[in-house]
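Along the sequence shown, residues carry numbers from 1. Both backbone and side-chain heavy atoms feed into the values below; hydrogens, waters and symmetry mates do not. As the structure lists them, so they are numbered: ligands from 1, and atoms in each ligand from 1.
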Amino acid sequence: LFRKGAALEALAWVDTVVLDKTGTLTLGQPEMTNFNAIDCDATEILRLVAAAESKSEHPIAEAIVRAARERGMEIPPVRVFKAEPGFGIEADVDGRRVQVGAGRYMERLGIDLKDVEARAGELAAKAKTPLYAAVDGQLAAVIAVTDPLKDGSPEAVGALHALGLEVAMLTGDNRGTAESIARQAGIDRVMAEVLPGQKADEVKRLQAGGKKVAFVGDGINDAPALAQADVGIAIGTGTDIAIEAADVVLMSGDLRGIVNAAGLSKRVLRAIWSNFFWAYAYNVVLIPVAAGVLYPLWGLLLNPMLAAGAMSASSVFVVTNSLRLRGFRPPIEGRHRVIQETIENIEQAA
Ligand code: ADP
Ligand code: MG
(Lines give C-alpha, C1' and ligand atoms only; values in the text may rest on other atoms or scores of the structure.)
(Ligands and ions follow the chains in the order given, each with its own letter.)
Protein backbone atom coordinates (compact mmCIF):
# COMPACT_ATOMS: atom_id res chain seq x y z
CA LEU A 1 0.00 0.00 0.00
CA PHE A 2 1.53 3.27 -1.09
CA ARG A 3 0.33 5.80 1.48
CA LYS A 4 2.00 8.68 -0.34
CA GLY A 5 2.20 9.13 -4.10
CA ALA A 6 5.68 10.59 -3.86
CA ALA A 7 6.94 7.30 -2.42
CA LEU A 8 6.04 5.53 -5.64
CA GLU A 9 8.58 7.78 -7.35
CA ALA A 10 11.15 7.95 -4.54
CA LEU A 11 11.47 4.18 -4.24
CA ALA A 12 12.88 3.99 -7.76
CA TRP A 13 15.90 6.06 -6.66
CA VAL A 14 16.69 4.00 -3.57
CA ASP A 15 20.09 2.24 -3.59
CA THR A 16 20.23 0.94 0.00
CA VAL A 17 17.61 -1.06 1.88
CA VAL A 18 18.02 -1.16 5.67
CA LEU A 19 16.01 -3.86 7.41
CA ASP A 20 15.14 -3.96 11.09
CA LYS A 21 15.76 -7.44 12.50
CA THR A 22 13.14 -8.29 15.12
CA GLY A 23 9.68 -8.60 13.61
CA THR A 24 10.83 -7.53 10.15
CA LEU A 25 13.35 -10.14 9.02
CA THR A 26 12.33 -12.48 11.84
CA LEU A 27 8.91 -13.60 13.00
CA GLY A 28 9.13 -11.32 16.05
CA GLN A 29 7.83 -14.07 18.32
CA PRO A 30 10.87 -15.33 20.16
CA GLU A 31 10.97 -18.58 22.13
CA MET A 32 13.05 -19.23 25.20
CA THR A 33 15.44 -22.08 24.39
CA ASN A 34 17.94 -22.10 27.28
CA PHE A 35 17.83 -21.22 30.94
CA ASN A 36 21.04 -21.91 32.81
CA ALA A 37 21.02 -20.97 36.46
CA ILE A 38 24.39 -20.16 37.99
CA ASP A 39 25.01 -21.57 41.48
CA CYS A 40 21.33 -21.41 42.40
CA ASP A 41 17.96 -23.09 41.95
CA ALA A 42 16.79 -22.73 38.34
CA THR A 43 13.08 -22.95 39.18
CA GLU A 44 13.32 -20.20 41.76
CA ILE A 45 15.33 -17.90 39.47
CA LEU A 46 13.00 -18.47 36.50
CA ARG A 47 10.07 -17.59 38.77
CA LEU A 48 11.70 -14.29 39.75
CA VAL A 49 12.78 -13.48 36.18
CA ALA A 50 9.34 -14.27 34.74
CA ALA A 51 7.71 -12.08 37.39
CA ALA A 52 9.98 -9.18 36.47
CA GLU A 53 9.37 -9.72 32.75
CA SER A 54 5.61 -9.93 33.20
CA LYS A 55 5.62 -6.12 33.42
CA SER A 56 7.55 -5.65 30.18
CA GLU A 57 6.01 -5.43 26.69
CA HIS A 58 9.16 -6.55 24.90
CA PRO A 59 8.70 -9.73 22.81
CA ILE A 60 11.62 -11.27 24.72
CA ALA A 61 9.70 -10.71 27.94
CA GLU A 62 6.64 -12.45 26.54
CA ALA A 63 8.78 -15.45 25.55
CA ILE A 64 10.17 -15.80 29.08
CA VAL A 65 6.78 -15.41 30.76
CA ARG A 66 5.27 -17.96 28.38
CA ALA A 67 8.08 -20.43 29.12
CA ALA A 68 7.49 -20.07 32.88
CA ARG A 69 3.72 -20.54 32.50
CA GLU A 70 4.29 -23.65 30.36
CA ARG A 71 6.29 -25.06 33.25
CA GLY A 72 3.25 -24.50 35.44
CA MET A 73 4.74 -21.68 37.52
CA GLU A 74 2.82 -19.18 39.61
CA ILE A 75 4.12 -15.73 38.77
CA PRO A 76 4.37 -13.56 41.88
CA PRO A 77 3.20 -9.92 41.77
CA VAL A 78 5.67 -7.13 41.11
CA ARG A 79 5.51 -3.68 42.61
CA VAL A 80 8.52 -1.71 41.47
CA PHE A 81 9.41 -2.00 37.77
CA LYS A 82 11.69 -0.06 35.46
CA ALA A 83 12.45 -0.66 31.77
CA GLU A 84 15.70 0.56 30.23
CA PRO A 85 14.97 0.58 26.47
CA GLY A 86 17.66 -1.27 24.53
CA PHE A 87 19.24 -2.58 27.72
CA GLY A 88 16.81 -4.56 29.87
CA ILE A 89 14.59 -4.30 32.90
CA GLU A 90 14.74 -4.04 36.67
CA ALA A 91 12.04 -5.07 39.17
CA ASP A 92 11.48 -5.88 42.84
CA VAL A 93 10.07 -9.37 43.32
CA ASP A 94 9.52 -10.90 46.80
CA GLY A 95 11.79 -8.24 48.22
CA ARG A 96 14.63 -9.14 45.86
CA ARG A 97 16.09 -6.94 43.14
CA VAL A 98 15.86 -8.70 39.76
CA GLN A 99 17.64 -7.33 36.69
CA VAL A 100 17.35 -8.94 33.25
CA GLY A 101 18.86 -7.80 29.99
CA ALA A 102 21.63 -7.69 27.43
CA GLY A 103 25.35 -8.02 28.11
CA ARG A 104 25.83 -4.27 27.90
CA TYR A 105 23.20 -3.84 30.64
CA MET A 106 25.12 -6.14 32.98
CA GLU A 107 28.32 -4.25 32.17
CA ARG A 108 26.59 -1.01 33.06
CA LEU A 109 25.45 -2.56 36.35
CA GLY A 110 29.03 -3.59 37.04
CA ILE A 111 28.32 -7.34 36.91
CA ASP A 112 31.22 -9.44 35.68
CA LEU A 113 30.38 -11.75 32.74
CA LYS A 114 33.84 -13.23 32.19
CA ASP A 115 32.88 -16.73 33.38
CA VAL A 116 29.89 -16.98 31.01
CA GLU A 117 31.39 -15.22 28.00
CA ALA A 118 32.21 -18.43 26.11
CA ARG A 119 28.73 -19.81 26.75
CA ALA A 120 27.12 -16.60 25.45
CA GLY A 121 29.36 -16.69 22.37
CA GLU A 122 28.18 -20.23 21.57
CA LEU A 123 24.55 -19.20 21.89
CA ALA A 124 25.06 -16.16 19.65
CA ALA A 125 26.79 -18.28 17.00
CA LYS A 126 23.58 -20.36 16.85
CA ALA A 127 21.61 -17.17 16.16
CA LYS A 128 20.23 -17.16 19.72
CA THR A 129 20.10 -13.98 21.79
CA PRO A 130 21.96 -14.40 25.07
CA LEU A 131 20.44 -12.56 28.04
CA TYR A 132 21.52 -12.39 31.64
CA ALA A 133 19.63 -12.26 34.91
CA ALA A 134 21.03 -10.85 38.12
CA VAL A 135 19.41 -11.20 41.54
CA ASP A 136 20.48 -8.77 44.26
CA GLY A 137 23.45 -7.74 42.13
CA GLN A 138 24.73 -11.30 41.60
CA LEU A 139 24.70 -13.00 38.20
CA ALA A 140 22.06 -15.73 38.52
CA ALA A 141 21.28 -17.05 35.05
CA VAL A 142 22.19 -17.06 31.38
CA ILE A 143 19.08 -17.19 29.21
CA ALA A 144 18.72 -17.63 25.47
CA VAL A 145 15.85 -16.78 23.21
CA THR A 146 15.58 -17.47 19.52
CA ASP A 147 13.53 -15.68 16.92
CA PRO A 148 13.61 -17.49 13.57
CA LEU A 149 13.66 -15.80 10.16
CA LYS A 150 10.39 -15.41 8.27
CA ASP A 151 10.07 -17.85 5.38
CA GLY A 152 10.44 -15.31 2.60
CA SER A 153 13.32 -13.29 4.12
CA PRO A 154 16.33 -14.93 2.40
CA GLU A 155 14.55 -14.93 -0.97
CA ALA A 156 13.62 -11.26 -0.55
CA VAL A 157 17.22 -10.34 0.30
CA GLY A 158 18.49 -12.28 -2.71
CA ALA A 159 16.01 -10.52 -5.00
CA LEU A 160 16.98 -7.09 -3.62
CA HIS A 161 20.62 -7.90 -4.32
CA ALA A 162 19.64 -8.98 -7.82
CA LEU A 163 18.04 -5.56 -8.34
CA GLY A 164 21.47 -4.09 -7.55
CA LEU A 165 20.47 -2.76 -4.12
CA GLU A 166 22.69 -2.80 -1.06
CA VAL A 167 21.02 -4.55 1.89
CA ALA A 168 21.85 -3.91 5.54
CA MET A 169 20.38 -5.03 8.87
CA LEU A 170 19.82 -2.73 11.85
CA THR A 171 19.15 -4.11 15.33
CA GLY A 172 19.46 -3.55 19.03
CA ASP A 173 20.43 -7.17 19.46
CA ASN A 174 23.81 -8.60 20.37
CA ARG A 175 26.44 -8.38 17.59
CA GLY A 176 27.19 -12.12 17.41
CA THR A 177 23.50 -13.03 17.20
CA ALA A 178 22.82 -10.32 14.65
CA GLU A 179 25.68 -11.55 12.48
CA SER A 180 24.50 -15.16 12.46
CA ILE A 181 20.93 -14.12 11.61
CA ALA A 182 22.30 -11.88 8.84
CA ARG A 183 24.31 -14.78 7.46
CA GLN A 184 21.17 -16.95 7.35
CA ALA A 185 19.33 -14.18 5.51
CA GLY A 186 22.23 -13.47 3.11
CA ILE A 187 22.89 -9.95 4.38
CA ASP A 188 26.51 -8.79 4.51
CA ARG A 189 26.21 -5.48 6.29
CA VAL A 190 25.15 -5.47 9.96
CA MET A 191 24.58 -2.56 12.32
CA ALA A 192 24.12 -4.22 15.72
CA GLU A 193 23.69 -3.08 19.34
CA VAL A 194 22.03 0.11 18.16
CA LEU A 195 20.00 1.76 20.92
CA PRO A 196 16.33 2.46 20.10
CA GLY A 197 16.93 6.21 19.92
CA GLN A 198 19.85 5.83 17.53
CA LYS A 199 18.20 3.96 14.67
CA ALA A 200 17.30 7.22 12.89
CA ASP A 201 20.88 8.48 13.34
CA GLU A 202 22.22 5.38 11.57
CA VAL A 203 19.90 6.10 8.64
CA LYS A 204 20.99 9.74 8.64
CA ARG A 205 24.64 8.65 8.59
CA LEU A 206 24.05 6.53 5.47
CA GLN A 207 22.24 9.46 3.81
CA ALA A 208 25.14 11.77 4.65
CA GLY A 209 27.33 9.29 2.74
CA GLY A 210 25.18 9.95 -0.34
CA LYS A 211 22.93 6.90 -0.07
CA LYS A 212 19.22 6.91 -0.89
CA VAL A 213 17.83 4.79 1.91
CA ALA A 214 14.67 2.75 2.31
CA PHE A 215 14.16 1.65 5.91
CA VAL A 216 11.91 -1.30 6.68
CA GLY A 217 10.61 -1.73 10.23
CA ASP A 218 7.67 -2.74 12.40
CA GLY A 219 8.20 -1.46 15.94
CA ILE A 220 7.50 1.69 17.90
CA ASN A 221 11.25 2.27 18.10
CA ASP A 222 11.46 2.11 14.30
CA ALA A 223 9.16 5.11 13.75
CA PRO A 224 11.90 7.80 13.78
CA ALA A 225 14.03 5.82 11.32
CA LEU A 226 10.99 5.26 9.09
CA ALA A 227 10.38 9.00 9.06
CA GLN A 228 14.07 9.80 8.45
CA ALA A 229 14.55 7.41 5.52
CA ASP A 230 13.95 8.54 1.93
CA VAL A 231 11.26 5.88 1.87
CA GLY A 232 9.88 4.36 5.08
CA ILE A 233 8.37 0.90 4.63
CA ALA A 234 6.33 -0.53 7.51
CA ILE A 235 5.24 -4.09 8.05
CA GLY A 236 1.44 -4.29 7.94
CA THR A 237 1.40 -6.63 10.92
CA GLY A 238 3.54 -4.19 12.95
CA THR A 239 2.62 -1.40 15.34
CA ASP A 240 0.26 1.43 14.35
CA ILE A 241 2.98 3.99 15.08
CA ALA A 242 5.33 2.41 12.56
CA ILE A 243 2.56 2.29 9.93
CA GLU A 244 1.69 5.91 10.61
CA ALA A 245 5.33 6.99 10.12
CA ALA A 246 5.78 5.03 6.88
CA ASP A 247 5.27 5.90 3.20
CA VAL A 248 4.68 2.32 2.10
CA VAL A 249 3.04 -0.55 4.01
CA LEU A 250 3.66 -4.22 3.25
CA MET A 251 0.18 -5.44 4.06
CA SER A 252 0.97 -9.15 4.40
CA GLY A 253 4.23 -8.63 6.28
CA ASP A 254 6.09 -10.56 3.58
CA LEU A 255 9.42 -8.89 2.74
CA ARG A 256 9.14 -10.03 -0.87
CA GLY A 257 6.67 -7.17 -1.16
CA ILE A 258 9.64 -4.74 -1.07
CA VAL A 259 10.99 -6.25 -4.27
CA ASN A 260 7.59 -5.91 -5.93
CA ALA A 261 7.15 -2.33 -4.68
CA ALA A 262 10.60 -1.41 -6.03
CA GLY A 263 9.80 -3.09 -9.36
CA LEU A 264 6.48 -1.24 -9.62
CA SER A 265 8.15 2.01 -8.68
CA LYS A 266 10.74 1.64 -11.46
CA ARG A 267 7.96 0.94 -13.97
CA VAL A 268 5.97 3.98 -12.79
CA LEU A 269 8.99 6.23 -13.10
CA ARG A 270 9.67 4.93 -16.59
CA ALA A 271 6.06 5.66 -17.56
CA ILE A 272 6.32 9.19 -16.14
CA TRP A 273 9.50 9.90 -18.09
CA SER A 274 8.19 8.47 -21.36
CA ASN A 275 4.95 10.45 -20.94
CA PHE A 276 6.94 13.63 -20.43
CA PHE A 277 9.10 12.90 -23.40
CA TRP A 278 6.26 12.13 -25.82
CA ALA A 279 3.99 14.92 -24.60
CA TYR A 280 6.79 17.46 -25.08
CA ALA A 281 8.19 16.01 -28.29
CA TYR A 282 4.73 16.03 -29.84
CA ASN A 283 4.02 19.62 -28.87
CA VAL A 284 7.48 20.87 -29.75
CA VAL A 285 6.98 19.49 -33.26
CA LEU A 286 3.32 20.27 -33.89
CA ILE A 287 2.86 23.70 -32.29
CA PRO A 288 5.34 25.33 -34.71
CA VAL A 289 3.66 23.47 -37.59
CA ALA A 290 0.28 24.79 -36.45
CA ALA A 291 1.83 28.27 -36.16
CA GLY A 292 2.91 28.01 -39.79
CA VAL A 293 6.70 27.50 -39.81
CA LEU A 294 6.39 25.19 -42.79
CA TYR A 295 4.11 27.56 -44.71
CA PRO A 296 6.76 29.77 -46.38
CA LEU A 297 8.63 26.69 -47.66
CA TRP A 298 5.99 24.14 -48.57
CA GLY A 299 2.75 25.98 -47.97
CA LEU A 300 1.95 23.49 -45.21
CA LEU A 301 -0.52 24.47 -42.47
CA LEU A 302 -2.25 22.37 -39.82
CA ASN A 303 -5.99 22.44 -40.21
CA PRO A 304 -7.50 23.58 -36.84
CA MET A 305 -9.69 20.49 -36.77
CA LEU A 306 -6.69 18.21 -37.20
CA ALA A 307 -4.83 20.25 -34.57
CA ALA A 308 -7.64 19.67 -32.08
CA GLY A 309 -7.57 15.98 -32.91
CA ALA A 310 -3.80 15.86 -32.46
CA MET A 311 -4.10 17.60 -29.10
CA SER A 312 -6.54 14.96 -27.88
CA ALA A 313 -4.43 12.17 -29.33
CA SER A 314 -1.48 13.30 -27.24
CA SER A 315 -3.59 13.10 -24.06
CA VAL A 316 -4.97 9.72 -25.06
CA PHE A 317 -1.45 8.50 -25.71
CA VAL A 318 -0.25 9.56 -22.25
CA VAL A 319 -3.22 7.96 -20.51
CA THR A 320 -2.90 4.76 -22.53
CA ASN A 321 0.81 4.57 -21.82
CA SER A 322 0.06 4.94 -18.09
CA LEU A 323 -2.67 2.34 -18.23
CA ARG A 324 -0.11 -0.21 -19.39
CA LEU A 325 0.89 -0.27 -15.70
CA ARG A 326 -2.24 -2.29 -15.09
CA GLY A 327 -0.45 -5.15 -16.76
CA PHE A 328 2.39 -4.95 -14.23
CA ARG A 329 3.41 -8.38 -12.99
CA PRO A 330 5.28 -8.36 -9.68
CA PRO A 331 8.80 -9.82 -9.96
CA ILE A 332 8.06 -12.17 -7.05
CA GLU A 333 4.54 -13.46 -6.90
CA GLY A 334 4.84 -14.38 -3.25
CA ARG A 335 1.35 -15.08 -2.11
CA HIS A 336 -0.06 -16.12 -5.46
CA ARG A 337 2.74 -18.57 -5.87
CA VAL A 338 2.25 -20.01 -2.40
CA ILE A 339 -1.44 -20.51 -3.17
CA GLN A 340 -0.54 -22.02 -6.54
CA GLU A 341 1.93 -24.42 -4.93
CA THR A 342 -0.60 -25.39 -2.30
CA ILE A 343 -3.17 -26.19 -4.98
CA GLU A 344 -0.60 -28.27 -6.87
CA ASN A 345 0.32 -30.14 -3.70
CA ILE A 346 -3.32 -30.91 -2.97
CA GLU A 347 -3.81 -32.10 -6.55
CA GLN A 348 -0.75 -34.32 -6.32
CA ALA A 349 -1.88 -35.76 -3.03
CA ALA A 350 -5.29 -36.49 -4.53
P1 ADP B 1 15.42 -5.18 19.02
O2 ADP B 1 13.98 -4.77 18.82
O3 ADP B 1 16.23 -5.00 17.77
O4 ADP B 1 15.61 -6.53 19.63
P5 ADP B 1 15.67 -3.57 21.46
O6 ADP B 1 16.33 -2.25 21.51
O7 ADP B 1 14.22 -3.66 21.73
O8 ADP B 1 16.09 -4.16 20.04
O9 ADP B 1 16.39 -4.53 22.51
C10 ADP B 1 17.78 -4.67 22.50
C11 ADP B 1 18.24 -5.67 23.52
O12 ADP B 1 17.96 -5.20 24.85
C13 ADP B 1 17.56 -7.00 23.42
O14 ADP B 1 18.15 -7.84 22.45
C15 ADP B 1 17.76 -7.53 24.84
O16 ADP B 1 19.06 -8.06 24.96
C17 ADP B 1 17.66 -6.28 25.70
N18 ADP B 1 16.30 -6.13 26.25
C19 ADP B 1 15.42 -5.15 25.97
N20 ADP B 1 14.27 -5.32 26.66
C21 ADP B 1 14.42 -6.43 27.41
C22 ADP B 1 13.58 -7.16 28.33
N23 ADP B 1 12.34 -6.78 28.63
N24 ADP B 1 14.08 -8.26 28.89
C25 ADP B 1 15.31 -8.67 28.58
N26 ADP B 1 16.14 -8.04 27.74
C27 ADP B 1 15.71 -6.94 27.15
MG1 MG C 1 11.36 -4.78 15.09
Side-chain angles (χ1 to χ4, degrees), residues 18-30 32 35 46 48-68 78 81-91 98-109 113 120 123-124 127-134 140-147 149-150 153 168-182 190-202 215-226 232-239 241-243 245-246 250 253 255:
V18 180
L19 300 154
D20 160 61
K21 178 178 80 67
T22 315
T24 300
L25 276 164
T26 68
L27 292 172
Q29 287 155 347
M32 187 176 101
F35 192 94
L46 178 56
L48 296 176
V49 168
E53 292 284 19
S54 68
K55 290 279 182 188
S56 166
E57 281 153 17
H58 202 280
I60 289 178
E62 282 168 30
I64 294 175
V65 173
R66 203 171 344 111
V78 174
F81 172 83
K82 193 168 83 190
E84 302 267 1
F87 286 92
I89 56 156
E90 178 179 322
V98 182
Q99 289 154 320
V100 193
R104 57 171 178 266
Y105 185 44
M106 295 294 134
E107 269 161 39
R108 204 172 73 175
L109 297 171
L113 297 178
L123 292 167
K128 294 175 178 177
T129 301
L131 302 164
Y132 307 87
V142 178
I143 309 166
V145 297
T146 161
D147 183 14
L149 284 177
K150 287 182 191 167
S153 294
M169 185 175 98
L170 185 58
T171 179
D173 206 342
N174 181 319
R175 174 157 298 280
T177 314
E179 276 170 1
S180 29
I181 288 274
V190 180
M191 296 174 261
E193 306 190 14
V194 180
L195 294 179
Q198 292 171 351
K199 284 190 170 181
D201 295 338
E202 290 291 329
F215 180 79
V216 192
D218 68 319
I220 295 173
N221 60 2
D222 295 324
L226 285 166
I233 304 177
I235 303 290
T237 48
T239 58
I241 294 173
I243 291 171
L250 301 175
L255 294 187

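The main-chain N or O of Leu25 is found under 3.5 Å from a side-chain atom of Ser153 such that the two form a donor-acceptor pair. Between the side chain of Thr24 and the backbone N or O of Lys21 there is no donor-acceptor pair closer than 3.5 Å.
When only non-hydrogen protein atoms are considered, atom 8 (O) of ligand 1 lies nearest to Gly172 CA, 3.6 Å. The nearest protein atom to atom 26 (N) of ligand 1, hydrogens excluded, is given as Gly101 CA, 3.5 Å; this is a heavy-atom distance. With hydrogens left out, the protein atom closest to atom 27 (C) of ligand 1 is Gly88 CA, 3.8 Å, a heavy atom. Given atom 14 (O) of ligand 1, the protein heavy atom at minimum distance is Asp173 OD1, 3.6 Å. For atom 5 (P) of ligand 1, the closest non-hydrogen atom of the protein is His58 NE2, 3.7 Å. Scanning the protein heavy atoms around atom 6 (O) of ligand 1, the nearest turns out to be Gly86 CA, 3.4 Å. With hydrogens left out, the protein atom closest to atom 18 (N) of ligand 1 is Phe87 O, 3.6 Å, a heavy atom. Looking only at protein heavy atoms, the nearest one to atom 13 (C) of ligand 1 is Ile60 CD1, 3.8 Å.
The shortest N or O to N or O distance between Arg104 and ligand 1 is not under 3.5 Å. Taking only nitrogen or oxygen atoms, main chain and side chain alike, Pro196 does not reach within less than 3.5 Å of ligand 1. At least one N/O-N/O distance between Thr22 and ligand 1 falls below 3.5 Å. Annotation: Asp20 places no N or O atom under 3.5 Å from an N or O atom of ligand 1; distance criterion only.
Residue contacts with ligand 1 include Glu53, since one of its heavy atoms falls under 4.0 Å from the ligand. Distances from ligand 1 to the non-hydrogen atoms of Gly219 include no value under 4.0 Å.
For ligand 1 and Ser56, the ligand atoms under 4.0 Å from any heavy atom of the residue are 23 (N). In summary, the atoms of ligand 1 found under 4.0 Å from a heavy atom of Leu131, numbered by their order in the structure, are 15 (C), 16 (O), 26 (N).
With sequence neighbours left out, Glu107 forms a salt bridge (charged side-chain N to carboxylate O under 4.0 Å, His left out) with no residue at all.
Taking distances strictly below 2.8 Å, the protein N/O/S atoms close to the Mg ion (ligand 2) are Asp20 OD2, Thr22 O, Asp218 OD1.
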